[in-house]
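This report concerns only the one structure given below.
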Amino acid sequence: MGKFNKLSNTEYEIMELFWNEQKELTGAEIRSEYFHNEKAIQTVNTFLNRLLIKGYLDIRKESRQYIYHAVCSKKEYHKKVLEASLQKNYGHSMASFVASYCGQEQPSKETLDKINLWLEELSSNE
């Protein structure tokens, strides 16, 4: 995935099907499982095409059917959302983010403990 493209609510819910099922799905399966057959297949295909263009899905053709699969995990997506927000709102500065989160006041011991634990976990994963 190149440039980050945030998902619309409906696109996110469709991706949830892929993330939860962890398998390939056809447009008809998505139409029945998510839209409960209330939307035209063309509407479903429009959403799937947007997800293809944004780089969240890939497609293969089997016989006369198109089969879709996720190329981005839920964890990867949420990481990109956080990175984009951090860049946009805090100039990619974690210190600015933490200061904003704490309201420019002295954070509570509990908050500092959570941040320290998170930093330790990050350090141990490297």
Side-chain angles (χ1 to χ4, degrees):
M1 280 177 51
K3 179 181 174 275
F4 173 69
N5 291 296
K6 191 172 181 184
L7 297 172
S8 70
N9 290 341
T10 302
E11 291 167 344
Y12 185 88
E13 290 174 11
I14 291 171
M15 286 305 297
E16 283 271 21
L17 289 175
F18 287 96
W19 294 329
N20 292 337
E21 297 290 325
Q22 295 186 351
K23 66 178 185 176
E24 297 179 319
L25 297 167
T26 65
E29 290 171 324
I30 293 165
R31 181 175 180 243
S32 68
E33 290 180 36
Y34 173 69
F35 293 103
H36 308 288
N37 295 321
E38 295 173 1
K39 298 283 186 196
I41 193 66
Q42 292 86 351
T43 303
V44 176
N45 288 340
T46 297
F47 283 110
L48 293 172
N49 193 45
R50 287 180 191 164
L51 289 166
L52 285 166
I53 290 168
K54 289 182 177 184
Y56 291 102
L57 293 179
D58 202 358
I59 189 173
R60 69 182 173 81
K61 188 173 183 177
E62 189 174 287
S63 183
R64 297 180 63 193
Q65 208 169 40
Y66 290 103
I67 302 172
Y68 300 86
H69 63 274
V71 294
C72 175
S73 71
K74 188 174 186 176
K75 184 177 181 178
E76 291 169 329
Y77 175 72
H78 284 282
K79 181 179 178 190
K80 291 211 177 270
V81 168
L82 289 172
E83 287 173 351
S85 178
L86 187 64
Q87 176 63 39
K88 178 181 176 184
N89 299 311
Y90 304 101
H92 217 67
S93 167
M94 186 58 76
S96 295
F97 169 76
V98 171
S100 177
Y101 174 78
C102 296
Q104 301 292 343
E105 299 172 8
Q106 179 65 31
S108 69
K109 179 172 176 5
E110 181 184 352
T111 298
L112 287 174
D113 289 344
K114 287 179 181 178
I115 292 170
N116 284 327
L117 180 63
W118 176 71
L119 290 171
E120 288 174 15
E121 289 174 2
L122 282 177
S123 297
S124 68
N125 289 337
E126 292 178 356

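Along the sequence shown, residues carry numbers from 1.
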State the [atom1]-[atom2] distance between [X] and [Y], to the nearest 0.5 angstrom.
{"X": "Leu48", "Y": "Ile30", "atom1": "CG", "atom2": "CD1", "answer": "4.5 Å"}
{"X": "Ile67", "Y": "Leu57", "atom1": "CD1", "atom2": "CG", "answer": "13.0 Å"}
{"X": "Lys79", "Y": "Ser73", "atom1": "NZ", "atom2": "OG", "answer": "10.0 Å"}
{"X": "Lys39", "Y": "Arg31", "atom1": "NZ", "atom2": "CZ", "answer": "11.0 Å"}
{"X": "Lys54", "Y": "Leu52", "atom1": "NZ", "atom2": "CG", "answer": "12.0 Å"}
{"X": "Cys72", "Y": "Asn5", "atom1": "SG", "atom2": "CG", "answer": "11.0 Å"}

Under the side-chain contact (heavy atoms from CB on, under 4.5 Å) criterion, do Glu21 and Glu33 qualify, and how do the steps go?
-> CA-CA 11 Å; Glu21 297 290 325; Glu33 290 180 36; 4.0 Å; yes
Could you walk me through whether Tyr77 and Tyr56 pass ring pair (Phe, Tyr, Trp, His ring centres under 6.0 Å), step by step?
-> CA-CA 9 Å; Tyr77 175 72; Tyr56 291 102; 5.6 Å; yes
[Y] side chain reached by [X] side chain, heavy atoms, under 4.5 Å:
{"X": "Asn49", "Y": "Asn45", "result": "no"}
{"X": "Ile14", "Y": "Phe35", "result": "yes"}
{"X": "Tyr34", "Y": "Val44", "result": "no"}

Applying salt bridge (Lys or Arg N to Asp or Glu O under 4.0 Å) to Glu76 and not counting sequence neighbours gives none
Would one find more than 12 heavy atoms of other residues, nucleotides or ligands at under 6.0 Å from atom OH of Tyr66?
-> no
Enclosure of Asn9 CG (heavy-atom neighbours >12, cutoff 6.0 Å) =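 Check fails, neighbour count at 12 or below.
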If you take all heavy atoms of Lys74 and Tyr12, which pair is closest and at what distance?
-> CE-OH, 3.3 Å
Taking all atoms of both residues into account, what is the closest heavy-atom pair of Lys61 and Arg64, and its distance?
->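 Minimum heavy-atom separation between Lys61 and Arg64: CE-CA, 4.3 Å.
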Same hydrophobic cluster for Trp118 and Leu86, using side-chain heavy-atom links shorter than 4.5 Å among ILVMFWY?
->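 They do share one cluster, since a chain of ILVMFWY contacts under 4.5 Å joins Trp118 to Leu86.
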What about Leu25 and Ile41, same hydrophobic cluster or not, with Ile/Leu/Val/Met/Phe/Trp/Tyr joined at side-chain heavy-atom distances under 4.5 Å?
->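 Yes; Ile41 is reachable from Leu25 via cluster members.
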Flag the pair Glu11 and Lys6 as a salt bridge only when some basic side-chain nitrogen lies within less than 4.0 angstrom of an acidic carboxylate oxygen.
->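 No.
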Phe47 six-ring centre to Arg50 NZ/CZ under 6.0 Å and within 45° of normal = yes
Verify, without hydrogens or angle tests, whether Ser85 (side chain) and Val81 (backbone) share a donor-acceptor contact under 3.5 angstrom.
->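 Here the side-chain-to-backbone pair does not exist.
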